[in-house]
Structures are given as C-alpha cells and as structure tokens.
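The structure appears below as structure tokens.
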Amino acid sequence: MSKFKVVVTDYEFETLAPEMEVLNQVDGVEFVPVQCRTEEEVIRAAHDADGLINQYAPISRKVIEALEKCKVVSRYGVGVNTIDIEAATEKGIIVGNVTDYCMDEVSDHAFALLMACVRKVVTLNSAVKSGNWDFKVGVPIFRLRGRVLGLVGLGKIPQNLAVKAQAFGIKVVAFDPFVPKDVADSLKVELLELNDLCKAADFISVHAPLIESTRGMVSTEQFNVMKKEAFIINTARGPVIDEKALILALQEGKIAGAGLDVLEEEPVQSDNPLLQMDNVILNPHVAWYSEEAQLELKRKTAQNVADVLLGYYPTYLVNQDVKAKVSLQEK
C-alpha cells in the first residue's frame, strides 16, 4: 500500500519519467498523472493527494479547501499565478516553483524577438518568399548601438538580458520598485518610474510576474507616451500588457511593433487582430524552452514535492509565511 499519493494535475510533456525518477527517492509514492482543466476535475483527481504537481490547471481557493491532506503544490515554472498562494498558506500547504531553470533561454529569446523586430527579419523574409526582393520593405531600420532598452522588472532573467543588450552598445534602464538601487548600479542599469521608462526607451521588454498589481500595468497611459519607433517585447505573462490597449496602439501607429511570446488568452484565438499585423511577431509561449531547461524544470518541480514528503522545506519555497504553520527541516 502506498504511503503518499502525488497527482500531476496537468502537463504538456511527452514523458514524465524525470519526475518519476525523482519521486522514487521517497518510499511508497503512488504517482498519478491526469489532465485536468477545471476546478472540479482537479478536486476529483486530487482531493486525497499528499502532493500536487501543477502546470495550468486552476489550484484555486475552492480546490485548496477541498484538499484533504495535501502538503505541497509544486508548479512547473517561475510564475505561480495558477495557485491561490494565500489560501494555500492558510491551510499550511507549501507552494514551490522553479525560479532558475530558464534564465538564459528567456533572456536569449527576448533579445531574439527584439532583434527580429528591429531588423524586420520576419517582414523581410515574408517579402522575399512572396517574390519581392527589395530592402525598402523594411524601411525604416535604426542602428542598435546607442539605443535604450527599458526592462519592466529587473529579476534574474532581465538582469541576464541587460548584460546581453549592453554587449551590443544598448543603454539599459529598468522599472522595478522591489530591486535595490545598488543592484541596478552594479549592472549599470538606471532605475526609472514606469512612465519615464516608456518615454525613454526605444525597446521595452516585459519581465514582471503576473500578480494583481501587475495585471494590465502596461496600458493606454504607457502606450501614449512611448516613441512611435518603439517596439515592445513580452516573454513574461500576457495579461501584464493590456492587450486591447496594445492592439489599439498598434492600429493607430503609436508604436512600431511588438514581439510577443505570451498573450492574454492562450492559445491565440483565430479572430485576434494581432494575427493580421505584419509588425507583430507571435510565438507560442516557447521562450522558456530548451532540451536542457525542460529536463531541469521537470526534475526540480518534482524535487520540491519529494523534499516535503521527506520532511524538508523545498529549495524553491514560494510562501515563506507557511513556516508559521508547518515545521520541517531545512535542507
């Protein structure tokens, strides 16, 4: 008879072998992968689980209140917007994530989108393949050196991006009220208020986590002060940008274009106006991905669960306040 039940609420991977290998270090684990989409489906599958591994399925207050003996919820990824952290903490459930598995991948991808937008790579490729061999299709293109990149958020990923952009002669500024000035200074990054950043930047790259205070934080007010030559890049979460305001700004020519790896609604809906805009590059939430990053994500997500079942706080503990309700050992 199994001692612990671990439910994977949903996943989009071809195999869960790395997770199973990690959890095998815990004696008596029943490993149950399912594909839940709704609260009710999660409750049916996981009400008696000791641990959850989660990707996109909602771990809401309703779900958490229905969990009978859950000790830990570990999410694939950095963001934890699928989980009601407050409800989990109140019930003494540890929440884990993986904060460091794709720093290079996302910063590389953000810079790739920036380069593709600025150099009009996709537009020119489409023109050539349709029979139009003419560089003027991409006019105007401006030199990167001496331009300004504005980072919305200055965590680990944008810090990596700052270094890469600076190697191209780009000045970097950032908005992040939680980052100390000495950290920004060490990176040679100037801290600005959000609207001041929007005025100054030639390119804006969004890296803020999705929480209530950041939902729609880049909206009409910000687009109205951006340069007409500016491009906006988003590899964080779609709802951080007010998508209706972005579409209007693009339609009215208030900004030059966008490179978006994430959208408010994923997958993208067929009637989304962004699909018809030649100055918008869309990717399917892929910035996190490399073969190495995927393996690291899967193993570390499972390790959070294994740690708790073995009596330890996980390395990637989101809700530190839960320590007032749960007494485990430090690793």
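The basis for the numbers below is simple: all heavy atoms, side chains too, and nothing from hydrogens, waters or symmetry mates. Being a predicted model, the structure only gives us computed values, none of them experimental. Residue numbers run from 1 in the order of the sequence given.
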Quiz item: When you check the side-chain N and O atoms of Ser60 and Asp84, is any donor under 3.5 Å from an acceptor?
Solution: no
Practice problem: State, yes or no, whether a side-chain contact exists between Asn24 and Phe31 at a heavy-atom distance under 4.5 Å. | Solution: no
Quiz item: How about Asn97 and Tyr76: does a side-chain donor come under 3.5 Å of a side-chain acceptor?
Solution: no
Quiz item: Say you draw a straight line from CG of Leu263 to CG of Leu246; how long is it, rounded to the nearest 0.5 Å?
Solution: 9.0 Å
Exercise. Return the set of residues passing salt bridge (Lys or Arg N to Asp or Glu O under 4.0 Å) with Arg44 (not counting sequence neighbours), or none when no residue passes.
Key: none
Quiz prompt | Least distance between heavy atoms, Gly138 atom then Leu124 atom | solution = N-CD2, 3.7 Å
Self-check item: pair Asn272-Glu264: side-chain heavy atoms closer than 4.5 Å
Solution: no
Quiz item: Can you name the closest pair of heavy atoms from Gly259 and Leu113 and give their distance?
Solution: O-CD1, 3.9 Å
Quiz prompt | Qualifying residues under salt bridge (Lys or Arg N to Asp or Glu O under 4.0 Å), relative to Lys129, sequence neighbours excluded | solution = none
Quiz prompt | Flag for Asn234-His207: side-chain donor and acceptor within less than 3.5 Å | solution = no
Quiz item: Thr9 and Gln55: which non-hydrogen atoms are nearest, and at how many Å?
Solution: OG1-N, 4.0 Å
Exercise. May I ask whether Val29 and Tyr312 are part of the same hydrophobic cluster, defined by side-chain heavy atoms of I, L, V, M, F, W, Y residues being less than 4.5 angstrom apart, directly or through others?
Key: yes
Quiz item: Linking Ile, Leu, Val, Met, Phe, Trp and Tyr through side-chain heavy atoms less than 4.5 Å apart, which residues share a cluster with Val139?
Solution: Phe135
Quiz item: Do Val6 and Val72 share a hydrophobic cluster (ILVMFWY, side-chain heavy atoms under 4.5 Å, transitive)?
Solution: yes
Exercise. Just do the salt bridge (charged side-chain N to carboxylate O under 4.0 Å, His left out) check on Glu30 and Lys3 with the steps written out, would you?
Key: CA-CA 8 Å; Glu30 178 188 4; Lys3 288 170 58 179; over 6 Å; no
Quiz item: Would you say Glu193 has more than 12 foreign heavy atoms packed within less than 6.0 Å of its CD?
Solution: no
Quiz prompt | Interatomic distance, Asn304 atom CG to Thr315 atom OG1 [nearest 0.5 angstrom] | solution = 7.0 Å
Self-check item: CE (Met20) with more than 12 external heavy atoms under 6.0 Å
Solution: no
Quiz item: Who pairs with Glu105 by salt bridge (Lys or Arg N to Asp or Glu O under 4.0 Å), at least two apart in sequence or on another chain?
Solution: none
Quiz prompt | Under the ring-ring contact (aromatic ring centres under 6.0 Å, His included) test, residues paired with Phe231 that sit two or more places apart | solution = none
Quiz item: Hey, what do you get for CG (Asn195) to CD (Glu221), rounding to the nearest 0.5 Å?
Solution: 4.5 Å
Quiz item: Going by the salt bridge (Lys or Arg N to Asp or Glu O under 4.0 Å) test, which pairs reach into residues 237-253, not counting sequence neighbours?
Solution: Glu252-Lys254
Exercise. Taking all non-hydrogen atoms of both residues into account, name the closest pair between Leu274 and Leu250 and its distance.
Key: CD2-CD1, 3.8 Å
Quiz item: Going by atom types only, do Tyr56 and Glu12 share a side-chain donor-acceptor pair under 3.5 Å?
Solution: yes
Quiz item: Hey, does the Lys NZ or Arg CZ of Lys300 hover above the aromatic six-ring of Tyr101, less than 6.0 Å from the centre and inside 45° of the axis?
Solution: no
Quiz item: Do you reckon Phe203 sits in the same ILVMFWY cluster as Leu192, going by side-chain contacts under 4.5 Å, direct or chained?
Solution: no
Quiz item: In terms of side-chain geometry, is the basic nitrogen of Lys227 or Asp202 positioned less than 4.0 Å from the acidic oxygen of its partner?
Solution: yes
Exercise. Apply salt bridge (charged side-chain N to carboxylate O under 4.0 Å, His left out) to Lys5 and Asp50, showing your working.
Key: CA-CA 5 Å; Lys5 178 179 179 180; Asp50 298 278; over 6 Å; no
Quiz item: Does the side chain of Gln251 come within less than 4.5 Å of Pro273's, by heavy atoms?
Solution: yes
Quiz item: Are Ile281 and Trp288 connected in the hydrophobic side-chain network, where two residues link if heavy atoms are under 4.5 Å apart?
Solution: no
Quiz item: Counting only heavy atoms not in Lys188, do more than 12 fall under 6.0 Å of its NZ?
Solution: no
Exercise. Would you please test Thr82 and Arg75 for side-chain hydrogen bond (donor to acceptor under 3.5 Å, both in side chains) and show each step?
Key: CA-CA 8 Å; Thr82 59; Arg75 186 171 187 277; 3.1 Å; yes
Quiz item: Quick one: does Tyr316's side chain get under 4.5 Å of Asp100's, heavy atoms only?
Solution: yes
Self-check item: Any Val78 side-chain heavy atom under 4.5 Å of Pro209 side chain
Solution: no
Quiz item: Shortest non-hydrogen contact from Glu65 to Lys91?
Solution: O-NZ, 3.1 Å
Exercise. Could you go through the ring pair (Phe, Tyr, Trp, His ring centres under 6.0 Å) check for Phe168 and Phe111 one step at a time?
Key: CA-CA 11 Å; Phe168 282 74; Phe111 198 68; 4.8 Å; yes
Quiz item: Shortest non-hydrogen contact from Val189 to Ala174?
Solution: CG1-CB, 3.6 Å
Side-chain atoms of residues 321-328: list all donor-acceptor pairs with protein atoms under 3.5 Å, sequence neighbours left out, distances to 0.1 Å.
from, atom 1, to, atom 2, distance (Å)
Lys323, NZ, Glu330, OE2, 2.9
Lys325, NZ, Glu90, O, 3.4

Quiz item: Atom OG of Ser126 and atom NZ of Lys120: how far apart are they, to the nearest 0.5 Å?
Solution: 13.0 Å
Quiz item: With a 4.5 Å heavy-atom cut-off, do His109 and Val106 have their side chains touching?
Solution: no
Self-check item: Cluster companions of Phe142 among Ile, Leu, Val, Met, Phe, Trp, Tyr (side-chain spacing under 4.5 Å)
Solution: none
Quiz prompt | Verdict with reasoning, Glu41 to Arg37, per salt bridge (charged side-chain N to carboxylate O under 4.0 Å, His left out) | solution = CA-CA 7 Å; Glu41 288 173 345; Arg37 294 291 179 267; over 6 Å; no
Quiz item: Do the side chains of Leu114 and Cys117 get nearer than 4.5 Å, heavy atoms only?
Solution: no
Quiz item: Got a sec, which hydrophobics cluster with Leu67, joining ILVMFWY side chains under 4.5 Å apart, including via others?
Solution: Val7, Val32, Val34, Val42, Ile43, Leu52, Ile59, Val63, Ile64, Val73, Val80, Ile83, Ile85, Ile93, Val95, Val318
Exercise. Verify the neighbour count for atom CG of Asp278: are there more than 12 heavy atoms of other residues, nucleotides or ligands below 6.0 Å?
Key: no
Practice problem: Identify, with sequence neighbours excluded, every residue that meets salt bridge (Lys or Arg N to Asp or Glu O under 4.0 Å) alongside Glu265. | Solution: none
Quiz item: Does NZ belonging to Lys171 count more than 12 external heavy atoms closer than 6.0 Å?
Solution: no
Report all side-chain donor-acceptor pairs from residues 152-165 shorter than 3.5 Å, counting only partners two or more places apart or in another chain.
from, atom 1, to, atom 2, distance (Å)
Gln159, NE2, Leu154, O, 3.0
Asn160, ND2, Lys156, O, 2.9
Lys164, NZ, Asp104, OD1, 3.1
Lys164, NZ, Ser107, OG, 2.7
Lys164, NZ, Asp108, OD1, 2.6

Self-check item: Qualifying residues under side-chain contact (heavy atoms from CB on, under 4.5 Å), relative to Glu292, sequence neighbours excluded
Solution: Ser290
Quiz item: Does Val173 share a hydrophobic cluster with Leu144, counting links as ILVMFWY side-chain heavy atoms below 4.5 Å and allowing steps through other members?
Solution: no
Quiz item: Are any non-hydrogen side-chain atoms of Gln25 and Leu310 less than 4.5 angstrom apart?
Solution: yes
Quiz prompt | Atom pair NZ (Lys69) and CZ (Phe4), whose distance is rounded to the nearest 0.5 Å | solution = 9.0 Å
